[in-house]
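Throughout, a chain's letter reflects where its sequence line sits, starting with A, and its residues are numbered from 1. Computed from a prediction, not measured in an experiment: that's the story for all the values here.
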Amino acid sequence: MYKNTNCGDITLDRAGDFVIVAGWVSRRRDHGNLIFIDLRDRSGILQVVFNPKISEESHNLSEKLRNEWVIQVSGTISKRKEGAENDDLKTGQIELNAKELKILSPSKTPPFEVIDDLNIDELTRLKYRFLDLRRPKMQNLLKLRHNVTHEIWNYLSDKDFIQVETPILIKSTPEGARDYVVPSRLHPGQFYALPQSPQQLKQILMVSGIEKYFQIAHCFRDEDLRADRQPEHTQLDLEMSYVHKKDVIELVEGLFISIVEKIVPSAKFNKPFLHISYEESMERFGTDKPDTRYGLELRTISEIVTNIGINVFDSVIGNGGIARSIVLPGCGEYTRKQTDELINFSKLSGGKGLVFIGLDKNIQSLDNIQDDQYRSSLKKFLSVDIVKNIYNFTGAKPGDLVLIVADQAKVVNNVLSAIRTRMGKELNLFDNNEFNFVWVDDFPLFEWDDLESKWVPAHHVFSSPKEEDLIYLEKDPAKIKAELYDLVCNGYELGSGSIRIHDRDIQTRVFNVIGYQKEDIDTRFGHLLRSFDYGAPPHGGMGLGLDRLVMLLGGQDNIREVIAFPKTQTASDPLFDSPSNIDSNQLRELGISFTDLD
RNA sequence: GGUCCCGUGGUGUAGCGGCCUAACACGCCUCCCUGUCAAGGAGGAGAUCGGCAGUUCGAAUCUGCUCGGGAUCGCCA
């Protein structure tokens, strides 16, 4: 070994010890005859002192040292001089008196300093990701990710789960997300697809008798990127035989509690997790992935605001729309600029606008509001009585701002939940160290696709309908609820799962609703369905986003921070400069040529 | 595919029609310095303002296109 001690681990009790350390020069403080080096390795920072009285040769050599040079130093640990201690440093009570210095690898001047307090363009960080990852913050995030994965392995192994690897080269199935595709050399003109998830493979593993399976699985989806979406992401994928919904939920909840308690002991979180149905979630929060750390719940107020002479509301609601509200506490005296900003924001998330009513904070009771004590975008249509009504119904108080959006339900919910998320942040309604886990269940099995005029699966085709809803399968698909459950935390969907269909007859009836023809079914799902013909145990499971979980636990707001080598928004990698052209010989071998697409 | 924000020495910013032969901080280089820890002091090098085209007597500054990064809607069973 080039070292026998880690820099950051050395404490006062090692005083007098002779040690060998190695690492990067993090900082250099040259006092002429005395040179201080902050030496950094994974464990932390150690102050090394080069003193000509101890070694003239090492001192001379140390004058050459610059940031990010890799060096090896040996010498004696000593307690620092009185008054020279540094309490900000774990090793601040001691220092290494360098006897021998060896330069293992010099460095160019780095494009940015390897420090936590860094404010630079992300592109530069990604180009020099090897330097970026040296920063203690990034080291900690990678360690956090490892700790989470480690706990998953331990916890699930203890529960008799077996980790099974599944292939990365599988078959393209056209539904779902866009596939990443790999040409086959041995079968010119044919392609593999990278898995969007190991869904069908793990179901086959259940038919194979694995009973309890898990995998830290890479999943690939060729769709547009977001702060919480990369083209390849990692899932904790798991599946269990002979289980009901309740069993999967209990297992995953136990695992997540264990992860949070062991790995982020300082975190505040709710135990047991909340449970809420899809319908209730939409009703209260306007989304199926609610941030339940704070209130700001939505209310439907169609009845209060119709037939009071306001055209906007009457016509929208007459056309099958609804009016819903959100109350922003303490925002009743928002300026014109602030309310304009909210209206503008509502348009960004698809709304046509919103109506606000702001009430002065110094009103004693709602009973004696004066005309000059409230402002509204619809002031001339809103009598004092209607304002009173709205405030009473929504539970708003003097000093609060009521926002109303009227449109088709989907738009209303989109707009208001976006406003809710934004205002939760802006009004500081939650604690950053808090994690609020909630199970959302009773999802509909199908959704109506307006564009294609057909039913599509809300989750995927293998999710089981609730037994009591089977009677609606042919008559009224909208009514069917599924054995589906999502795990949501702080407004992020961490994962979703379901009890699967293991009965061929029910599976066929579901395919019929979606309108799949027999041939489609055979080419897309034949392999799985064939396995079901030979005794398929009832089974169910989940896929859980590891990147998002680590992001949340690490207090980050995008998953690139917890992925060693992430891609940019255009799915390229600035470090490797991928994707790239390939050799024409490679293309020829694959039988691929290009046509001009435009 | 749409909308919005950003692009000035290595890094982060300022400058937003002539005062810019582009400013400041950090970093970098040279020299001085034995107790610093974002060391200090003195001096110095370094950008034609993402690219292209246009408007103008004159463009970092205005316009168009384009490239790159980010946020977001669509998309993501």
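Screening residues 106-116 of chain A for side chain to side chain donor-acceptor pair (under 3.5 Å), with sequence neighbours left out, gives Arg27(A)-Glu113(A). Pairs engaging residues 69-87 of chain A under the salt bridge (Lys or Arg N to Asp or Glu O under 4.0 Å) rule: none recorded [sequence neighbours left out]. Applying the ring pair (Phe, Tyr, Trp, His ring centres under 6.0 Å) test to residues at least two apart or on different chains, the pairs with a partner in residues 31-69 of chain A are His31(A)-Phe36(A). Residue pairs satisfying the salt bridge (Lys or Arg N to Asp or Glu O under 4.0 Å) criterion with at least one member in residues 129-138 of chain A, sequence neighbours excluded, are listed as follows: Glu68(A)-Arg134(A), Arg125(A)-Asp132(A), Arg129(A)-Asp132(A), Asp132(A)-Arg135(A), Lys137(A)-Glu561(A). Pairs engaging residues 41-55 of chain A under the salt bridge (Lys or Arg N to Asp or Glu O under 4.0 Å) rule: Lys3(A)-Asp41(A) [sequence neighbours left out].
Within 4.0 Å of Gln230(A), counting heavy atoms only, lies no atom of the nucleic acid at all.
In terms of the side-chain contact (heavy atoms from CB on, under 4.5 Å) criterion, residue partners of Asn413(A) (sequence neighbours excluded) are, by chain and number, Met282(A), Leu298(A), Arg324(A). Evaluation of the salt bridge (charged side-chain N to carboxylate O under 4.0 Å, His left out) rule for Glu426(A) yields Arg422(A) as partners, not counting sequence neighbours. When the side chain to side chain donor-acceptor pair (under 3.5 Å) test is applied to Glu57(A), no partner is found at least two apart in sequence or on another chain. For Asn414(A), the side-chain contact (heavy atoms from CB on, under 4.5 Å) criterion is met by Lys410(A), not counting sequence neighbours.
Contact between the side-chain N/O atoms of Arg29(A) and the OP1/OP2 oxygens of A39(B) is found at a separation under 4.0 Å.
Rounded to a whole angstrom, the distance from the C1' atom of G27(B) to that of G35(B) is 24 Å. Distance check on atom P: G9(B) versus G2(B) gives 29 Å, rounded to whole Å. Comparing C37(B) with G18(B), their P atoms sit 44 Å apart, to the nearest whole Å.
Between the side chains of Ser463(A) and Ser498(A), at least one donor N or O lies within less than 3.5 Å of an accepting N or O. Side chains of Ser58(A) and Ser62(A): a donor-acceptor N/O pair is absent below 3.5 angstrom, by distance only.
Pairing for U36(B) is absent, judged as Watson-Crick or G-U wobble with the two contacts each under 3.5 Å. The partner of G68(B) is C6(B), by the rule that a Watson-Crick or G-U pair needs both atom distances under 3.5 Å. Applying the Watson-Crick and G-U wobble criteria (two distances, each under 3.5 Å), U13(B) pairs with A23(B).
Nearer the 5' end of RNA chain B, as judged by each residue's closest nucleotide, is the contact made by Asn119(A), out of Asn119(A) and Gln47(A).
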N/O contacts under 3.5 Å, protein versus nucleotides 47-50 of chain B?
none

Anything under 3.5 Å between a protein N or O and an N or O of nucleotides 27-33 of chain B, put it in a table, one pair a line.
unit_1 : atom_1 : unit_2   : atom_2 : d
C29(B) : OP1    : Arg66(A) : NE     : 2.8
U30(B) : OP2    : Arg66(A) : NH2    : 3.3
C33(B) : N3     : Asp30(A) : O      : 3.2
C33(B) : N3     : Gly32(A) : N      : 3.3
C33(B) : N4     : Asp30(A) : OD1    : 3.4
C33(B) : N4     : Gly32(A) : N      : 3.4

Just the atom pairs and distances: protein N or O near nucleotides 68-70 of chain B's N or O, under 3.5 Å.
unit_1 : atom_1 : unit_2    : atom_2 : d
G69(B) : OP1    : Thr568(A) : OG1    : 3.1
G69(B) : OP1    : Thr570(A) : OG1    : 3.2
G69(B) : OP1    : Ser572(A) : OG     : 3.4
G69(B) : OP2    : Thr570(A) : OG1    : 3.0
G70(B) : OP1    : Gln569(A) : N      : 3.3
G70(B) : OP2    : Gln569(A) : N      : 2.6
G70(B) : O3'    : Arg560(A) : NH2    : 3.3
G70(B) : N7     : Gln569(A) : OE1    : 3.4

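If you take CZ of Arg125(A) and P of C6(B), they are 21 Å apart, rounded to a whole angstrom. As rounded to whole Å, 12 Å separates atom P of U72(B) from atom CG of Asp224(A). The distance between atom CG of Leu96(A) and atom P of U36(B), rounded to the nearest whole Å, is 19 Å.
Not one N or O on the side chain of Asp486(A) forms a donor-acceptor pair closer than 3.5 Å with the backbone of Val488(A).
Remark: ring of Phe112(A) not stacked against base of U11(B); the cut-offs of centroid gap under 5.5 Å and plane tilt under 30° are not jointly satisfied.
With distances taken from any side-chain atom of Arg226(A) to the nucleotides C75(B), U36(B), C37(B), the minimum falls on C75(B). Closest to the side chain of Ala177(A), from the set G74(B), C76(B), U11(B), is C76(B).
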